[in-house]
Undergrad: 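One structure is given below, represented as structure tokens, and several questions about it will come after.
In what follows, every heavy atom counts, from backbone to side chain, and hydrogens, waters and symmetry copies are set aside.
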Amino acid sequence: MNPITALGMIGRTSLGRLAALGRITRFAASTFSHMLRPPFYPREFANALLQVGWLSLPVVALTAIFTGGALALQIYAGGARFNAEAVVPQIVAIGMVRELGPVLVGLMIAARVTSSIAAEIATMKVTEQIDALVTLSTNPMKYLVAPRVLAALITVPVLVGVGDIIGIMGGYVVATETLEFNAAAYLKNTVDFLELRDIVSSLVKGAAFGTIAALMGCYYGMQSGRGAQGVGRATKGSVEAAAVLILAANFVLTGVFFSL
């Protein structure tokens, strides 16, 4: 391939990515602006709280408890090679609270909520329901986007906290029932090892990941093409973008809290 042609392809791709990032940034800024200014739609917000928070709890709980149990087994197996089996409660606690809990909850929300939001809004666009809202002098950003993003911003940190607790309890059950750890000593080591900043970092990550997940669902839904294929592409693109951005944000936030 001609070097100039290759450079042109790289340049076009880079410019396309930067343009997409700019559109997403403008969309996010517009969303936060509408969240702060009336009119508000409490019924839509309450429904979004239910969909994002309460109905996501079962999958979050199952993911957390199995992850905590598997983490305890893996740490015990690794620690046994160095006669360091006693570190299981400490590593399970910090692993769940600082990393695995927020990331896994974020990815579960991306899989469940982001895809649902994108498909719902894209379908509304295809069936011209969004045009109908505009005709009725209702701003789609205020009615469809702002309540969902605000609900995710509030509820996902709560889900992360619940997931952290259930994950630690999963490790506790495996350690005490299978690995023969003393229950009281396990809980004491867990509580003594965790610090306030570990919990704060987990909840901040939850807020960031929830915002990303809801924003990507709304953005791709609003940008959906026409027809069934457009809905499918919007749903797939929203989940992919949310997952990648959640992992990238996790890296950035981990670096920020590590430096504190």
Side-chain angles (χ1 to χ4, degrees), residues 52-113 152-210 212-213 242-243 246-260:
V52 178
W54 179 252
L55 296 181
S56 296
L57 189 57
V59 69
V60 167
L62 288 172
T63 301
I65 194 167
F66 289 128
T67 300
L71 185 61
L73 290 172
Q74 292 285 12
I75 293 169
Y76 183 86
R81 301 177 185 180
F82 307 100
N83 295 321
E85 301 94 331
V87 300
V88 169
Q90 294 92 328
I91 303 302
V92 168
I94 197 170
M96 285 301 305
V97 172
R98 294 197 65 138
E99 286 298 319
L100 288 176
V103 170
L104 289 176
V105 170
L107 293 177
M108 289 299 103
I109 293 299
R112 184 186 179 278
V113 175
L153 174 64
I154 293 172
T155 58
V156 175
V158 177
L159 290 174
V160 168
V162 172
D164 291 343
I165 295 170
I166 294 176
I168 291 173
M169 291 307 297
Y172 165 82
V173 171
V174 169
T176 55
E177 298 296 328
T178 304
L179 305 178
E180 299 181 352
F181 275 72
N182 178 271
Y186 189 101
L187 292 176
K188 185 177 186 304
N189 288 333
T190 298
V191 173
D192 291 344
F193 190 73
L194 284 176
E195 298 179 356
L196 178 60
R197 70 172 183 173
D198 299 328
I199 300 171
V200 170
S201 70
S202 184
L203 299 181
V204 169
K205 285 183 178 182
F209 298 165
I212 290 171
I246 283 171
L247 294 174
N250 177 64
F251 175 75
V252 172
L253 291 172
T254 298
V256 169
F257 281 100
F258 180 79
S259 63
L260 293 177

Undergrad: Applying salt bridge (charged side-chain N to carboxylate O under 4.0 Å, His left out) as the test, list every pair that has at least one member in residues 250-260; sequence neighbours left out.
TA: none
Undergrad: Find out whether Phe193 and Pro89 are in side-chain contact, i.e. whether some heavy atom of one side chain is under 4.5 Å from a heavy atom of the other.
TA: no
Undergrad: State, to 0.1 Å, how close Ile212 and Ala242 come at their nearest heavy-atom pair, and which atoms those are.
TA: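 In this case the closest contact between Ile212 and Ala242 is CG2-O, 4.1 Å.
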Undergrad: So do the side chains of Leu73 and Leu179 get within less than 4.5 Å of each other, counting heavy atoms only?
TA: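 Yes, side chains in contact.
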Undergrad: Got Val88 and Tyr186 here, is their nearest side-chain heavy-atom distance under 4.5 Å?
TA: yes
Undergrad: How would you list, by chain and number, every residue that makes a side-chain contact (heavy atoms from CB on, under 4.5 Å) with Val200, sequence neighbours excluded?
TA: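 With sequence neighbours excluded, Val200 shows a side-chain contact (heavy atoms from CB on, under 4.5 Å) to Leu196, Val204, Phe257, given in chain and number order.
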Undergrad: Could you work out, with side-chain hydrogen bond (donor to acceptor under 3.5 Å, both in side chains) as the rule, every residue matching Asp198, not counting sequence neighbours?
TA: Arg98
Undergrad: Looking at every heavy atom in both Trp54 and Pro58, which two are closest together, and how far apart are they?
TA: O-CD, 3.7 Å
Undergrad: Identify, with sequence neighbours excluded, every residue that meets side-chain hydrogen bond (donor to acceptor under 3.5 Å, both in side chains) alongside Glu99.
TA: Lys205, Asn250, Thr254
Undergrad: Scan for side chain to side chain donor-acceptor pair (under 3.5 Å) pairs involving residues 76-92, sequence neighbours excluded, and state none if there are none.
TA: none
Undergrad: Taking distance alone, no hydrogens or angles, what donor-acceptor pairs closer than 3.5 Å link side-chain atoms of residues 152-174 to residues at least two apart or in another chain?
TA:
| residue | atom | partner | partner atom | Å |
| --- | --- | --- | --- | --- |
| Thr155 | OG1 | Ala151 | O | 2.7 |
| Asp164 | OD2 | Ser202 | OG | 2.6 |

Undergrad: Compare every heavy atom of Ala183 with every heavy atom of Thr176, then report the nearest pair and how far apart it is.
TA: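 In this case the closest contact between Thr176 and Ala183 is CG2-CA, 3.7 Å.
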Undergrad: Under the salt bridge (charged side-chain N to carboxylate O under 4.0 Å, His left out) definition, can you give me all pairs with a residue in residues 170-191, not counting sequence neighbours?
TA: Lys188-Asp192
Undergrad: Heavy atoms only: give me the nearest Ala243-Ala110 pair and the separation to one decimal.
TA: N-CB, 4.5 Å
Undergrad: Can you tell if the side chain of Ile75 reaches within under 4.5 Å of the side chain of Val92, non-hydrogen atoms only?
TA: yes
Undergrad: Got a list of side-chain donor-acceptor pairs under 3.5 Å for residues 60-72, not counting sequence neighbours?
TA:
| residue | atom | partner | partner atom | Å |
| --- | --- | --- | --- | --- |
| Thr63 | OG1 | Val59 | O | 2.7 |
| Thr67 | OG1 | Thr63 | O | 2.6 |

Undergrad: Can you run down the salt bridge (charged side-chain N to carboxylate O under 4.0 Å, His left out) pairs that involve residues 249-260, sequence neighbours left out, and say none if there aren't any?
TA: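 Sorted pair list comes back empty.
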